[in-house]
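Every chain is numbered from 1 and lettered A, B, ... according to where its sequence line falls, protein lines coming before strand lines.
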There are 2 protein chains.
Amino acid sequence: MHTIGTLARRTGAKVQTIRYYEQIGLMPEPGRSAGGQRRYGDADLDRLAFIRHSRQLGFPLDAIRELLDLSDHPDRDCGAADSIARRQLREVENRMARLEALKRELQRMIGECRGGTTSDCRVLEVLRDHSECLADNHDDVG
Amino acid sequence: MHTIGTLARRTGAKVQTIRYYEQIGLMPEPGRSAGGQRRYGDADLDRLAFIRHSRQLGFPLDAIRELLDLSDHPDRDCGAADSIARRQLREVENRMARLEALKRELQRMIGECRGGTTSDCRVLEVLRDHSECLADNHDDVG
DNA sequence: CCTTGAAGCTATAGTAGCTGTAGCTCTTAT
DNA sequence: ATAAGAGCTACAGCTACTATAGCTTCAAGG
Ligand SMILES: [Zn+2]
Ligand SMILES: [Zn+2]
Ligand SMILES: [Zn+2]
Ligand SMILES: [Zn+2]
């Protein structure tokens, strides 16, 4: 039996985060000690580790909910799990592409500034006027 | 004189977003019509365009607050503006590096899965056990 | 002048995923 | 018996908006 603090230490999650996961139904309500403190088993530890690891790989909580559900049913087809992972990969690739574009704009405006007063600042000029940008439209940052 | 809707159309911001910027002090309180509706001048339009453009380049609102302040004082040294932009560039580069690492892990786990049931799913195996990962620790996702 | 529909108003709650705080109580070791 | 440390609930706050409800104002057509 583990306390919530032990789970936190073993998984790297904050104590409040574990209670939050319980609140939103991602972690089950655990048993309680005589005094009302949470007591967890090894299965809870595994589940929390799964959640934290998935979060570190960027999966949103509702995707993790589905992944946990699949993981709880060992005889199902794994296609669903794979497609969630592929969706996450596409999401990561999209974000990277957007960031790459931002990076280029930032590098350019920083590189073009020759110092002086803010009235001559190339950085501020670009921010004032998007037509100074390379891209003709920036996608949403997300 | 422009209505809030005109500002929204001209800058791509939502009407509620403009009122939100006013509420947090990023946009000034504009004049009002006899009936109490907001009426903006061209300077407000420029300011909002500056804010939206900066947002599209990923600057957080408090950085934008500083940039606006610098932009409002044309005789200051532009070093401060440049260093805000450089900070933002570093932020973008960090995020990209983290995403690159995630991308590799996702690609690998997807590529290794040979289908079958969820008990054999390589994706779920990796999520269960971080030691299956390439990286020995994933940084925060942010 | 009157009507009508679009646009504006305030206030409030919700989004994602936590994190921090206040003011308690419980556990455990000495 | 006491005291430190950990746990408890409940709630506020974070970023940057977005959506809704229920109302009022504006501008154009008749
Ligand atoms: Zn400069
Ligand atoms: Zn631009
Ligand atoms: Zn699979
Ligand atoms: Zn891992």
Side-chain angles (χ1 to χ4, degrees), chain A residues 1-27 29-40 44 48 50-68 88 91-92 95 98 102 138-142, chain B residues 1-27 29-40 44 48 50-68 88 91 95 98 138-142:
Chain A
M1 283 301 178
H2 316 289
T3 65
I4 197 170
T6 306
L7 250 71
R9 235 173 303 112
R10 302 261 294 261
T11 62
K14 297 253 160 76
V15 166
Q16 293 100 313
T17 305
I18 301 172
R19 291 197 281 246
Y20 169 70
Y21 287 158
E22 178 184 331
Q23 196 183 307
I24 63 170
L26 207 57
M27 287 292 287
E29 289 187 27
R32 299 276 180 150
S33 72
Q37 300 192 351
R38 289 170 180 80
R39 292 294 180 261
Y40 294 97
D44 298 314
L48 181 57
F50 186 107
I51 295 170
R52 289 312 297 170
H53 194 213
S54 303
R55 285 294 299 134
Q56 290 185 317
L57 290 165
F59 288 92
L61 292 181
D62 54 358
I64 296 173
R65 221 182 275 272
E66 294 180 62
L67 289 166
L68 281 166
Q88 175 63 12
E91 177 64 33
V92 166
R95 270 193 259 168
R98 280 182 270 127
L102 295 192
H138 314 290
D139 295 340
D140 257 358
V141 179
Chain B
M1 285 300 180
H2 317 288
T3 65
I4 198 169
T6 306
L7 251 71
R9 236 173 300 111
R10 303 262 293 263
T11 62
K14 297 252 161 76
V15 166
Q16 293 101 312
T17 305
I18 301 172
R19 290 196 282 245
Y20 169 70
Y21 288 159
E22 179 184 332
Q23 196 183 307
I24 63 170
L26 207 55
M27 287 291 288
E29 288 187 27
R32 299 277 182 149
S33 72
Q37 299 192 353
R38 288 169 179 81
R39 291 295 180 263
Y40 294 96
D44 299 314
L48 182 57
F50 186 107
I51 295 170
R52 289 313 296 171
H53 194 213
S54 303
R55 285 295 298 133
Q56 289 185 317
L57 290 166
F59 287 92
L61 292 181
D62 54 357
I64 297 174
R65 220 181 276 272
E66 295 181 62
L67 289 166
L68 281 166
Q88 175 62 15
E91 176 64 33
R95 269 192 262 169
R98 280 183 268 128
H138 314 290
D139 296 340
D140 257 358
V141 179

- Got A:Leu67 and A:Phe50 here, is their nearest side-chain heavy-atom distance under 4.5 Å? yes
- Message: Heavy-atom nearest nucleotide on DNA chain D for B:Ser33 versus B:Asp62: which residue maps closer to 5'?
- Response: B:Asp62
- Task: Enter the distance from A:Thr3:OG1 to A:Arg38:CZ here, rounded to the nearest 0.5 Å.
- Result: 11.5 Å
- Query: Once you round it to whole Å, what is the distance between P of D:dT25 and CZ of B:Arg38?
  - Reply: 14 Å
- Closest nucleotide among C:dC9, C:dC26, D:dC17 to the B:Arg52 side chain: D:dC17
- Message: Here's a test of your reading of the structure: between A:Phe59 and A:Gly36, which maps to the more 5' nucleotide of DNA chain C?
- Response: A:Phe59
- Query: Is A:Thr3 near enough to D:dG7 that one of its side-chain N or O atoms lies under 4.0 angstrom from OP1 or OP2?
  - Reply: yes
- Rounding to a whole Å, what distance do you find between A:Ile4:CD1 and C:dT27:C1'? 15 Å
- Interatomic distance, B:Leu61 CG vs D:dT15 C1' [rounded to whole Å]: 8 Å
- Whole angstrom is fine here: how far is it from NE2 in A:His2 over to C1' in C:dT27? 18 Å
- Per the side-chain contact (heavy atoms from CB on, under 4.5 Å) rule, which among A:Asp62, A:Ile18, A:Ile51, A:Leu48 passes with A:Leu26? A:Ile51
- Flag the pair B:Leu61 / B:Tyr20 as yes when at least one side-chain heavy-atom distance between them is below 4.5 Å, and no otherwise. yes
- Task: Under 4.0 Å from any atom of DNA chain D, heavy atoms only: list the residues of residues 11-20 of chain B that qualify, in numerical order.
- Result: B:Lys14, B:Gln16, B:Thr17, B:Tyr20
- Message: C:dT10, OP1 or OP2 - any side-chain N/O from B:Arg32 closer than 4.0 Å?
- Response: yes
- Task: Provide, to the nearest angstrom, the distance between the CD atom belonging to B:Glu91 and the P atom belonging to D:dT15.
- Result: 14 Å
- Item | Minimum side-chain heavy-atom gap A:Ile4-A:Arg19 below 4.5 Å | yes
- Message: Just the rounded figure in Å: distance from C1' of D:dA16 to CG of B:Leu57.
- Response: 16 Å
- B:Arg52 vs B:Tyr21 side-chain heavy atoms within contact, under 4.5 Å: yes
- Message: Nearest whole Å is fine: how far is D:dC17 P from B:Leu26 CG?
- Response: 9 Å
- Message: Could you tell me how far apart B:Leu7 (CG) and C:dC9 (P) are, to the nearest whole angstrom?
- Response: 11 Å
- Task: Indicate yes or no: at least one non-hydrogen side-chain atom of A:Glu22 is less than 4.5 angstrom from one of A:Pro30.
- Result: yes
- Across the strands shown, which category fits B:Tyr21 at heavy-atom distances under 4.0 angstrom: base, sugar-phosphate, nothing? sugar-phosphate
